[in-house]
J.: 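There's a structure below that I have some questions on.
In the text below, chain A, chain B and the rest are named by the order of the sequence lines, each starting its count at 1. As the structure is a computational prediction, the values presented were derived from the model and not from experiment.
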Amino acid sequence: LAYRKYSFVNWCPSCVTVLANEQVIDERCWRCESIVVQKELEQWFLKITDYAEELLQRCDELEGWPERVIAMQKNWIGKSTGVEVDFKIDGMDEHIRIFTTRQDTLFGATFVCIALIHPLTEKLFSDKDGLENLKTRYGRMDEKSGLFTGFRAINPMNGEKIPIYVANFVLMEYGTGAIMSVPAHDQRDFDFAQKYSLPVRVVIVPPTHPSPPRGEGEGGGEGLLSAITEAYEGEGVLVHSGQFSGLKSAIARERIAQFIEDKGIGKRVVNYKFRDWGISRQRYWGTPIPVIYCEKCGIVPVPEKDLPVILPENVKFKGKGGSPLLESEKFINTECPVCGGKARRETDTMDTFVDSSWYFIRYCLRKGNIDLASALRSLESEVRYWMPVDQYIGGIEHAVLHLLYSRFFVKVMRDLGLIDFSEPFKNLLTQGMVIKDGAKMSKSKGNVVDPNHLIQKYGADTLRLFSLFAAPPEKDLEWSDKGVEGAYRFLKRLWGIVYKNSDKLRVTSYEYKDKNSSLITHHSSQLLRKTHQTIKRVTTDIEREYHFNTAVAALMELVNEIASFKPGTHEDWASLRFSVERALLLLSPFAPHVAEELWEALGNKSSIFEERWPDWDEEIAKEERIELVIQVNGKLRSKLLIPLGITDDEIKEMALQESKVKDIVGRKTIKKVIVVKGKLVNIVIGG
RNA sequence: GCGAGAGUGGCGGAACUGGCAGACGCGCUGGACUUAGGAUCCAGUGGGUAACUCCGUAGGGGUUCAACUCCCCUCUCUCGCACCA
């Protein structure tokens, strides 16, 4: 899966290193944002494309992943199925192999285009100056351009001779570096045909087209229409396509693919945009690529017993980028593990993403210096217990980097028999980024809000609480200091409640079994209900979607109720203490320092962090009365407090007796009454 | 162009499977206590209206007793990929 090849690679001149395709963002380096250039180098690659199909297929298993990330990965892999077909070159013992996903439009091909750097280009092109001109002027593809080679290709479907162009928009890296051009059914080809006055032949008519002409007008100039103003790229019915005329495109694709294979002029193929992963980096800080180059034996892997290769420590950093390993003679010069002769170490290190592709597996193993392979294979392996990761959290920026590489690594490790699962992360939460002045907050951009002055003014707990309260985690957050005050006030209020009443609160204790005691006052039991409801809400909000913002909001509601609670009896004080304690427990993950401090102020001797997370009692949490919403024709007209456990008929009767309802209904006929249990009544009346 | 997501008060955001739109917080308005208030507390706060009530979840249609939520069309924004044949 690891191989070395000489090729054009992405090169960051500022970092003085190679970058993977995934690390180039809008033609810029992912780390320093310098413009990336292409450089021809011999580099190490990992054959991630061997796993393209599995990486794609298993996307469907990633149920706990956001749709967006899955879409990005599928898109990145970029699978397309089609055919490769050979077009003979007229008067030459050569052919051009083209790739197309639309073999149903083969009869509409009116010219062929090959890439500027296609192997045949030099051969076919007599006008060397013109070619150079094209390369220099239009190599960047700002505008579609091409030149006629003077040669023609023979369309194997109908024997037609069509011109061969060299075109700047044809990519050598994808497919075969050559295409058939069907201007009637591909907009790019259409634009090109317009520019160079090439013929346009319609071979697909939309399915809604009135009675497609079947089998008529074969060959010759028939079907050549110049009237159309844009390409029709959709599905339809074939016309002017010989024996295939009259077929629907989907069926025709199948039949024509079969025809091509039967005739031996081409075959079905699958193409991916996905490229192999270049992992060589000209950096010091990375895992050395464990390879030795021997003058006699060539490339020799460092034997397992000599692993890991340790980076030398006494190297000179010049601060100009590039790897200092290149100048460390001690590191470079070594012996060949095979013949013992003079050899040289690889000085490139691995892409940082190689390490991060499997660290989560290593993290499961507690022991320090271990034989990793045997540890993984052991049946008692902690990896078996912990993996796959239940919940992974990271930024969206890893969608086609870390998250793709890790999926690849896990599959490779599985195929090596080291692990027995295929996907590393069951659930994925892509948390939003903090945005400042329209850009992602980052050190390199310098648009960072220094939290220190806010911490000095309000404390770390306030800042944390506010950050969690501001937005749900998956959302981007445009940072603003506004609102920090609110979190601060909230904590201060709770603080005040505890310290103002600490004498009374300290001496009381709440006995859970007293919940039905007749001593419990009405407002006391209301507070207890709210407390249990809050425990439930906070717990489920955290567990369900990590929605800390609504969890904090629920906590604020509880504290509001606590603040307005006026204890009278001893039992009231006990209820208050219970509520305050629960509130502190619920608060402890969000504002640990304040929670711990107040916990102690209540007279507790041990840390709040040694307490269990509180449970709620569904019975106590239940409202004893519900507010019934009364609608007439779907519009809110009245509300009614009703006790629990009342029948639908009774609810109906109560609603109809409501004076407001009576006014509105008047003499009109009641068509229907809909009762939604415990919630609402809707009375439908006639006009 | 393709793919994904989003659009709710002045602002950040709530609303679980269709069932009270605007929870909670910021801000704002008025009041109390105050030498003072940028502290605290109380009341109010989607819009129009004196009020009944009406209008409101980007816009337009539809389904439904009932739509922020479901369906169709349109617009805007964000992100990803992109002459990928």
J.: At 4.0 Å (heavy atoms only), tell me whether A:Arg68 reaches a base, stays on the sugar-phosphate, or touches nothing.
T.: sugar-phosphate
J.: Of all the choices, B:rC81, B:rC20, B:rC83, which nucleotide is nearest to the side chain of A:Lys144 once you look at every atom?
T.: B:rC83
J.: Given atom OH of A:Tyr174 and atom C1' of B:rA82, what is their separation to the nearest angstrom?
T.: 12 Å
J.: Mind checking A:Arg637 for me? I need base, sugar-phosphate or nothing, with any heavy atom below 4.0 Å counting as a touch.
T.: sugar-phosphate
J.: For B:rG9 versus B:rG18, give the span between their C1' atoms, rounded off to a whole number of Å.
T.: 23 Å
J.: Closest approach to the side chain of A:Lys679, judged atom by atom: which nucleotide of B:rA85, B:rU53, B:rC16 is it?
T.: B:rC16
J.: Does a side-chain N or O from A:Lys475 land closer than 4.0 Å to OP1 or OP2 of B:rG5, or not?
T.: no
J.: If you assign A:Val24 and A:Asn633 each to the RNA chain B nucleotide with the nearest heavy atom, which residue ends up on the more 5' nucleotide?
T.: A:Asn633
J.: Classify the side chain of A:Asn682 and the base of B:rC65 as holding, or not holding, a donor-acceptor pair under 3.5 Å.
T.: yes
J.: Report, as yes or no, whether the 6.0 Å neighbourhood of atom CD on A:Glu624 holds more than 12 heavy atoms from other residues, nucleotides or ligands.
T.: yes
J.: Is the phosphate of B:rA14, meaning OP1 or OP2, less than 4.0 Å from a side-chain N or O of A:Asn549?
T.: yes
J.: Would you classify B:rG80 as syn or anti? Syn applies when the glycosidic angle is within 90° of 0.
T.: anti
J.: Rounded to the Å, how far apart are A:Phe548 CZ and B:rA14 P?
T.: 14 Å
J.: Between B:rC79 and B:rC41, how many Å separate the two P atoms, rounded to a whole number?
T.: 41 Å
J.: Please report the distance separating the C1' of B:rC20 from the corresponding atom of B:rG1, rounded so that it comes out in whole Å.
T.: 45 Å
J.: Counting side-chain heavy atoms from CB outward, which of B:rU40, B:rG13, B:rC84 is closest to A:Lys492?
T.: B:rU40
J.: Would you mind reading off the distance between A:Phe274 atom CZ and B:rA82 atom C1', rounded to a whole angstrom?
T.: 17 Å
J.: Has the side chain of A:Tyr458 got a donor or acceptor atom that lies under 3.5 Å from a matching backbone atom of A:Asp461?
T.: no
J.: In this structure, how many angstroms lie between the P atom of B:rC65 and the CD1 atom of A:Ile683, rounded?
T.: 16 Å
J.: I want to check one thing: is the phosphate of B:rA85, taken as OP1 and OP2, less than 4.0 Å away from some side-chain N or O of A:Ser80?
T.: yes
J.: Which part of the nucleic acid does A:Gln187 contact within heavy-atom distance under 4.0 Å: base, sugar-phosphate only, or nothing?
T.: nothing
J.: Between B:rG46 and B:rA23, how far is it from one P atom to the other, in whole Å?
T.: 8 Å
J.: What distance, rounded to whole Å, do you find between the two P atoms, one in B:rU8 and one in B:rG3?
T.: 25 Å
J.: Can you tell me if A:Glu623 and A:Gln533 form a side-chain donor-acceptor pair at under 3.5 Å?
T.: yes
J.: Take the protein atom CH2 of A:Trp65 and the nucleotide atom P of B:rA4, then report the distance between them rounded to whole Å.
T.: 18 Å
J.: Do any side-chain nitrogens or oxygens of A:Lys635 fall under 4.0 Å of OP1 or OP2 in B:rA66?
T.: no
J.: On a whole-Å scale, what distance lies between the P atoms belonging to B:rG7 and B:rC68?
T.: 14 Å
J.: Could you tell me the separation between the CZ atom of A:Phe99 and the C1' atom of B:rC84, rounded to a whole number of Å?
T.: 9 Å
J.: For nucleotides B:rA85 and B:rU78, find the distance between their C1' atoms and express it as a whole number of Å.
T.: 29 Å
J.: Quick check on side-chain hydrogen bond (donor to acceptor under 3.5 Å, both in side chains): which of A:Glu27, A:Gln23, A:Glu22, A:Gln38 does A:Asn10 satisfy it with?
T.: A:Gln38
J.: B:rA85, B:rA14, B:rG5: which one has an atom nearest the side-chain heavy atoms of A:Pro472?
T.: B:rA14
J.: Once hydrogens and angles are ignored, does a donor-acceptor distance under 3.5 Å link the base of B:rC65 to the side chain of A:Lys672?
T.: no
J.: Starting at the 5' end of RNA chain B, what dot-bracket string do you get if Watson-Crick and G-U pairs under 3.5 Å are bracketed, crossing pairs use [ ], other-strand pairs use | and unpaired bases use dots?
T.: (((((((..(((......[....)))((((((.......))))))((......))..(((((..]....))))))))))))....
J.: So which of A:Trp30, A:Phe408, A:Tyr392 actually passes ring pair (Phe, Tyr, Trp, His ring centres under 6.0 Å) with A:His402?
T.: A:Tyr392
J.: Write down the distance separating the P atoms in B:rG5 and B:rG12, rounded off to the nearest Å.
T.: 22 Å
J.: Does atom CZ of A:Arg68 have more than 12 heavy-atom neighbours, drawn from other residues, nucleotides or ligands, at distances under 6.0 Å?
T.: no
J.: Given A:Phe466, which of A:Phe590, A:Trp479, A:Phe548 fulfils the ring pair (Phe, Tyr, Trp, His ring centres under 6.0 Å) condition?
T.: A:Trp479
J.: Taking the six-membered ring for Trp and the single ring otherwise, decide whether the centroids of A:Phe565 and A:His523 are under 6.0 Å apart.
T.: yes
J.: Of the nucleotides B:rG19, B:rA15, B:rG80, which one has an atom closest to the side chain of A:Asn75?
T.: B:rG80
J.: Look only at the side chain of A:Glu160 and the backbone of A:Asn155, and say whether a donor-acceptor pair between them is shorter than 3.5 Å.
T.: no
J.: Let me know the distance between NZ of A:Lys566 and C1' of B:rC41, rounded to the nearest Å.
T.: 10 Å
J.: Within this structure, what is the OH-to-C1' distance between A:Tyr458 and B:rG38, rounded to whole angstrom?
T.: 10 Å
J.: Please indicate whether A:Lys74 has more than 12 foreign heavy atoms, meaning atoms of other residues, nucleotides or ligands, lying under 6.0 Å from its NZ.
T.: yes
J.: Please say whether the positively charged group of A:Lys144, taken as NZ for Lys or CZ for Arg, lies over the ring of A:Phe169, i.e. under 6.0 angstrom from the six-membered ring centre and within 45 degrees of the axis.
T.: yes
J.: So, OP1 or OP2 of B:rC20: does either fall under 4.0 Å of a side-chain N or O from A:Lys639?
T.: no
J.: Between A:Tyr272 and B:rC84, is there a contact of a side-chain N or O with OP1 or OP2 at under 4.0 Å?
T.: no
J.: Considering non-hydrogen atoms only, spot the tightest contact between A:Glu235 and A:Ile204 and give its length.
T.: C-CG2, 4.1 Å
J.: Which nucleotides of nucleotides 24-30 of chain B have their base under 4.0 Å from a protein heavy atom (B), which only their sugar-phosphate (S), and which neither (-), written as one string 5' to 3'?
T.: BSSS---
